[in-house]
Amino acid sequence: MHSALSTYLKRAMTVALIVGPMLALVSVDVEARGGGRGGGPHAGRGGGGGFGGGGGPAYRAPRANVGGGGGYGVRPPPGGRGGGYAVRPPPGGGGGGYGVRPPPPGGGGRPVRPPPPGGSVHVDVDRNWGYPVGAAAAAVGTAIAVGAIVSTLPPNCTTIVADGVTYRNCGGTYYAPSYDGPNVVYEVVPPPSGWNR
Amino acid sequence: MKIQLLLTAILLPALTLLGCASPPTATDQPAASSAPPASVASSAPAVKPQPRDVLKQMAAYLRSLDRFKVRVEKTTELILPTEQRLHADQTMDIAVQKPNRLRVNYQNLSGGRQLFYDGKTFALYTPGPNVYASAAAPPTLDETLSLLEDRYRISMPIADLLFADPQSRLVQNLESETYVGRILVRGVVCHHLAFRTPEVDWEIWIEDGPRPLPRRLVLTDKSVEGSPQMAAALTDWDVAPQFATDLFAFNPPPNAEKISFVDEAPAAK
């Protein structure tokens, strides 16, 4: 009896030790992604436009147009890149609980439009200060994972070119710039091949 | 003597303030020299206009323009997880030449960004980090606007008004339409219309007179919890602008770096 319980506890501890850090990594990854992407089908009503240093899909924004039907369209989840959203815990703890709102009655059978993808919300604030969008940004600096996407770079980066692709080397972490919607974002990439840090 | 000085001190700033606060009727219409300035005392129509007719007039007028320039001052309401509401401002200058030229300058403190479409390709350029991306574009403005929005997630505010037939995009799914009345918007007499769809309540203010231009647009997105709003003022309309020949074509500045769109094939990997 006693030994069974201690075995159970040991197993639980082992699982916690393994899963715990994994979850932590995942959540950091998701928050960092949210800064730029924010608009996946699983992302709730986020649609973050990415400001304040990758602070997650921390706000809800309206569409920018009356419509015209089929404007946004349902975007398929980006292959192989959007995995982070699927494991995101349901908002509720600190997320403010914004889920997908049920369609208004009498909608004439028109499907509910997905949230505007992150890039469609043109938010241009002075990124040196950002908006008070939560503590997620602070977490990014501690454990930034390959694949994470941020909207601002840490200071003191150098530009390197490898195989015709330009990267930013910021203290040994490599970033590749790209456009996410209309915003320039930086994705953390593995060190370019043949490039010794 | 002292009292006189005091009065002057009070009156002078007050007068200055009054001067600033007078409606900018003249400055807002650089291209309106041919059109009579909107008169505050213009007589009301005998019959209450149908909202959809006013919309149709605006659409027809926009369609009749082979080129125009407008500034959009947009405020987007953001609802934080704490339910605090913030309002984010953005100003952009839009230049259109039918049937297939578009240029948009987005202003922000880090240098803004520019969008080019010349009938063959479109390009996005961000001067701050000095990066750009470009891709092939369809031969019409309509198709390009759709491509930008659907594939590249670059949504143009007031894009509805840039399409060749704004009317057809605006009147879809209408549940109700209201002619609210006539009102001054920045000194211009406008028809104020209100519409409802299952997802959006929206209002538009359209200039009353020979130039039925959209002057203001407000929408409430009911499909998003908390129903955030977007409001856009359309100012500095120029319906006969002179465009530089290279306004719509993007030539990368020296040292500008070409990058990809996130959703493109991951060339950076």
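Chain identifiers are assigned alphabetically (A, B, ...) following the order of the sequence lines, protein sequences preceding nucleic acid strands; residue numbering begins at 1 within each chain. Atom set for the values below is all heavy atoms of this structure, side chains included, hydrogens, waters and symmetry mates excluded.
- No side-chain donor from either of Arg169(B) and Asn65(A) sits under 3.5 Å from a side-chain acceptor of the other.
- Minimum heavy-atom separation, Ala61(A) to Thr76(B): CB-CG2, 4.4 Å.
- Between Leu124(B) and Gly181(A) the shortest heavy-atom distance is CD2-O, 4.0 Å.
- In the model, Arg63(A) has no side-chain atom that pairs as donor or acceptor with a side-chain atom of Ser155(B) under 3.5 Å.
- In terms of non-hydrogen atom pairs under 4.5 Å with chain A, the most contact-rich of Pro228(B), Gly128(B), Pro166(B) is Pro228(B).
- The shortest distance between side-chain heavy atoms of Val66(A) and Phe195(B) does not fall below 4.5 Å.
- Heavy atoms of other residues, nucleotides or ligands lying less than 6.0 angstrom from NZ of Lys98(B) number more than 12.
- Contacts between Glu257(B) and chain A at a heavy-atom distance below 4.5 Å involve the side chain alone, from C-beta outward.
- Using a 4.5 Å cut-off between heavy atoms, Val200(B) contacts chain A through its side chain alone, with no backbone atom that close.
- Contact check on Asp180(A) versus Arg153(B) returns a salt bridge, with a Lys/Arg side-chain nitrogen under 4.0 Å from an Asp/Glu carboxylate oxygen.
- Inter-residue side-chain proximity for Thr126(B) and Tyr179(A) is flagged as met; some heavy-atom pair is nearer than 4.5 Å.
- Formation of a donor-acceptor pair under 3.5 Å by the Tyr152(B) side chain with backbone atoms of Pro182(A) is not found in this model.
- Two residues are said to be in side-chain contact when any heavy atoms from C-beta on lie closer than 4.5 Å; Glu83(B) and Arg60(A) meet this criterion.
- Looking only at side-chain heavy atoms (C-beta outward), Leu80(B) and Tyr59(A) come within less than 4.5 Å of each other.
- Interface remark: Leu219(B) contributes side-chain atoms only to the contact with chain A (heavy atom separation under 4.5 Å).
- For Leu161(B), no part lies near chain A; criterion is any non-hydrogen pair under 4.5 Å.
- Side-chain contact between Met230(B) and Pro62(A) is present, with at least one heavy-atom pair separated by less than 4.5 Å.
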